[in-house]
Structure formats: C-alpha cells, structure tokens
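Below you'll find the structure, written out as structure tokens, and then a few comments.
None of these values were measured; they are calculated from a predicted model. Just the heavy atoms: all of them, side chains too, but no hydrogens, waters or symmetry mates, feed the values below. Every chain is numbered from 1 and lettered A, B, ... according to where its sequence line falls, protein lines coming before strand lines.
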2 protein chains.
Amino acid sequence: MKPDALRGHLDALLLATLDGRELHGYAIIEALQQGSGGALDLPTGTVYPALRRLERAGHVVSDWSTVGGRKRRTYKLTSAGLRALNAERSAWQEFTTVIGGVLGGDGKWAQT
Amino acid sequence: MKPDALRGHLDALLLATLDGRELHGYAIIEALQQGSGGALDLPTGTVYPALRRLERAGHVVSDWSTVGGRKRRTYKLTSAGLRALNAERSAWQEFTTVIGGVLGGDGKWAQT
DNA sequence: AAGCTATATGTAGCGCGCCTACACATCGAG
DNA sequence: CTCGATGTGTAGGCGCGCTACATATAGCTT
C-alpha cells in the first residue's frame with residue numbers, strides 16, 4: 001500500500017487502536033502493523049506528532065512511566081476521543097460508500 | 001463529506017467515470033455528482049488540472065469539439081488508463097480492507 | 001441592449017498533512 | 001564497546017486538492 005494513502009484517516013486509525021486499551025507510541029505502531037497484517041508500517045515521525053495533535057485536541061491523554069529504564073508515554077482515549085472515534089467510523093462508512101459506489105464493481109450505475 | 005477526503009483517490013474517480021464512455025470535463029463533474037448521490041461536488045479547479053495530469057500520464061486522451069458554439073474537450077480512457085483503473089480498483093479494495101479492518105466493526109481484532 | 005445564468009475551460013497560489021531524515025537516550029546481546 | 005532494539009521527538013519538504021479568480025459563448029429575461 002502506498003504510504004501516504006491514509007491521508008485524512010490517520011486520526012481514525014490511532015483512535016481505533018487506543019479503543020479499549022492504553023498503549024504508548026511505539027506499541028501503537030506495532031499494534032497497527034499486526035492489526036493490518038503488516039500492511040501498515042507508520043514511521044515514528046508520523047505517529048508521534050499525530051499523537052500530540054490528538055492530545056492537544058483533547059481526544060487522548062498521556063501519562064509518563066518508566067519501564068526497564070525506558071520512558072514511556074502511555075496514551076488513552078478521553079470521552080471526547082471516543083466520540084471522535086465514533087464520528088470517524090461514521091465518516092469512514094460514508095466515505096467508502098460514496099467512493100466505492102463510484103468505482104463500482106464492474107458496471108455503470110444506471111446504464112440499463 | 002469533508003472536501004479533501006479524496007486525497008489520493010481523485011484519479012480513480014475520474015478514470016472510473018470515463019470507463020466505457022467519453023465525457024468532457026464539465027460533464028464529468030456532473031456525472032460524479034449524480035453517481036455519488038450528490039455527495040461529490042468537485043470544483044473545476046480540482047478536476048481540470050487532474051485531467052491534464054492524467055493526459056500527461058497517458059491514461060486519457062482528449063479531443064476538441066464544438067457543440068452549440070461552446071468548445072468541449074472530450075476525454076476518453078486509453079488502454080493504459082484502463083489498466084490504471086483496474087490497478088486503482090485493486091488498491092481501493094486493499095485500502096478499504098486494511099483501514100476498515102483496523103477501524104473494526106465494534107470489537108478488537110484478536111482479543112479472545 | 002443590458003444583464004444574468006448556465007455551460008465550459010483554465011491558471012495562480014495557498015495550506016494541510018504526512019513523509020523523510022535526523023537527533024537523542026537507555027538496555028541487552030555479541 | 002559496538003550494535004540493534006526499544007522509545008521519543010523535531011525540522012524541513014513536497015504532493016495534492018482547494019480557493020479564488022479569469023475568460024468566453026449561448027440563451028433567457030427585462
């Protein structure tokens with residue numbers, strides 16, 4: 001998959017990854033890799049700024065912890081973030097319906 | 001739908017719209033409106049440059065004609081364009097599978 | 001005739017959002 | 001002690017679609 005195809009859907013992916021659990025940035029990247037069957041391999045330079053943006057937006061909150069001498073910044077969804085996730089899921093539904101409808105299976109829409 | 005959500009899928013939409021028929025730019029915009037149920041309303045400043053880009057890429061060819069005193073530039077797919085369309089459709093499939101899989105219906109992927 | 005809308009094509013410039021490349025730090029293995 | 005894995009972060013660039021504008025004819029209204 002071309003790397004920048006996620007344009008506009010990164011937030012949705014991150015929020016969905018944090019749905020129901022707390023993860024730190026590095027673990028989010030790994031979770032996305034596994035959850036996508038290896039198709040998604042987001043660079044840190046993409047994820048970390050995005051997480052900070054989500055935090056500024058109030059969709060996630062972070063806590064620092066130290067595990068084995070390494071500092072981790074663990075993120076979790078806020079209630080606003082959960083609402084945002086639901087909105088993103090709806091937007092995704094609409095998006096795929098519209099684009100998928102135009103791309104069509106193999107025929108035209110109404111050309112009987 | 002947010003206007004710039006198409007990022008990376010515009011070419012696919014245009015190619016799909018030209019699949020099996022010849023249209024000029026203005027008609028393409030109208031076809032997209034109808035085919036999407038009104039959800040897509042692409043501005044001319046988006047479509048015309050995109051068509052020229054597709055022509056430079058060899059995916060479409062254009063012919064000028066005059067209908068009722070108005071000049072029309074009618075586009076049609078080339079064989080390379082048809083191949084590109086098929087590739088775009090595959091990419092779309094993969095894209096929706098991957099992202100949709102991560103966004104999930106309502107549960108986690110393998111959290112047994 | 002003047003003015004407005006629909007039809008029809010096009011350019012210039014901006015801004016968002018993600019990527020590339022780099023920088024820094026600790027720990028375990030070789 | 002060097003290297004890779006783990007872990008977080010910044011700086012700068014660039015592609016792509018959008019906004020706004022420019023141009024032109026046909027046809028309808030007033």
Side-chain angles (χ1 to χ4, degrees), chain A residues 1-15 17 22-34 39-57 59-60 62-75 88 91 95 98-99 102, chain B residues 1-15 17 22-34 36 39-57 59-60 62-75 88 91 95 98-99:
Chain A
M1 176 149 58
K2 65 179 61 162
D4 57 317
L6 330 136
R7 286 234 160 237
H9 306 287
L10 216 211
D11 289 6
L13 291 177
L14 296 177
L15 293 174
T17 304
E22 306 184 8
L23 293 173
H24 58 285
Y26 200 85
I28 291 175
I29 295 174
E30 292 183 325
L32 248 3
Q33 280 181 13
Q34 295 170 5
L40 290 174
D41 189 16
L42 305 184
T44 65
T46 292
V47 172
Y48 289 119
L51 287 171
R52 309 186 112 238
R53 190 158 38 80
L54 288 175
E55 184 164 29
R56 273 202 308 276
H59 292 164
V60 300
S62 64
D63 285 302
W64 284 99
S65 60
T66 303
V67 177
R70 278 75 164 274
K71 288 186 178 177
R72 287 180 175 174
R73 192 173 199 168
T74 303
Y75 291 89
E88 293 279 11
F95 176 69
V98 169
I99 308 295
V102 173
Chain B
M1 176 150 57
K2 63 179 65 163
D4 56 316
L6 329 139
R7 284 238 160 233
H9 307 286
L10 217 210
D11 290 5
L13 290 177
L14 295 177
L15 293 174
T17 304
E22 306 183 8
L23 293 173
H24 58 286
Y26 200 85
I28 291 175
I29 294 175
E30 292 182 325
L32 247 3
Q33 280 180 12
Q34 295 169 7
S36 66
L40 290 175
D41 188 17
L42 306 184
T44 64
T46 291
V47 172
Y48 289 119
L51 286 171
R52 309 186 113 238
R53 189 159 38 82
L54 288 174
E55 185 165 29
R56 274 203 307 275
H59 292 164
V60 300
S62 64
D63 285 302
W64 283 100
S65 60
T66 302
V67 177
R70 276 76 163 273
K71 288 186 177 177
R72 287 179 176 174
R73 194 173 199 167
T74 302
Y75 291 89
E88 293 278 11
F95 176 67
V98 169
I99 308 294

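Contact annotation for A:G25: backbone-only contact, meaning every heavy-atom pair under 4.0 Å involves sugar-phosphate atoms and none involves a base.
The phosphate of D:dA5 (OP1 or OP2) has no side-chain N or O of A:R70 nearer than 4.0 angstrom. For the pair B:R73 and C:dG10, the criterion of a side-chain N or O lying under 4.0 Å from OP1 or OP2 is met. OP1 or OP2 of D:dG17 has at least one side-chain nitrogen or oxygen of B:R53 nearer than 4.0 Å. OP1 or OP2 of D:dG7 lies within a sub-4.0 Å distance of a side-chain N or O belonging to A:R72. Look at A:R52 and you'll find a side-chain N or O under 4.0 angstrom from OP1 or OP2 of D:dT10. Within the structure, every side-chain polar atom (N or O) of A:Y48 is placed at least 4.0 Å from both OP1 and OP2 of D:dG9.
Between B:E30 atom CD and C:dA6 atom P there is a gap of 11 Å when expressed in whole angstrom units. In this structure, OH of A:Y26 is placed 15 Å from C1' of C:dC24, rounded to the nearest angstrom. When the C1' atom of D:dG9 is taken as reference, atom CG of A:L51 falls 12 Å away, rounded to whole Å. As rounded to whole Å, 10 Å separates atom P of C:dC18 from atom CG of A:L42. In this structure, B:I28 places its CD1 atom 11 Å from P of C:dG10, rounding to the nearest Å. Rounded to an integer number of Å, the gap from B:D41 CG to D:dG17 P is 16 Å. Rounded to an integer number of Å, the gap from NE2 of A:H24 to C1' of C:dA25 is 15 Å. We find that CG of A:L54 is positioned 11 Å from P of C:dG17, with the value rounded to whole Å.
For B:R7, whose side chain is taken as the heavy atoms from C-beta onward, the closest listed nucleotide among C:dG15, D:dC18, D:dG9 is C:dG15. Out of C:dT11, D:dT19, C:dC18, the shortest distance to the side chain of B:T46 is found at D:dT19.
Judged by atom type and distance alone, A:T44 reaches the base of D:dG9 through a side-chain donor-acceptor pair under 3.5 Å.
Of the two residues contacting DNA chain C, namely A:G69 and A:L10, the nearest-nucleotide position lying further toward the 5' end is that of A:L10. Toward the 5' end of DNA chain D, the nearer of the two residues A:P49 and A:V67, judged by each one's closest nucleotide, is A:V67.
Between B:T74 and B:S65, the closest heavy-atom pair is OG1-OG, 4.0 Å.
Between the side chains of B:E55 and B:S62, at least one donor N or O sits under 3.5 Å from an acceptor N or O.
Close placement of the A:H9 and B:F95 rings is indicated, their centers lying within 6.0 Å of each other.
When A:D11, A:T46, A:I28 are each tested for a side-chain contact (heavy atoms from CB on, under 4.5 Å) with A:L51, only one passes: A:I28.
The closest side-chain heavy-atom distance from A:R72 to A:T66 is not below 4.5 Å.
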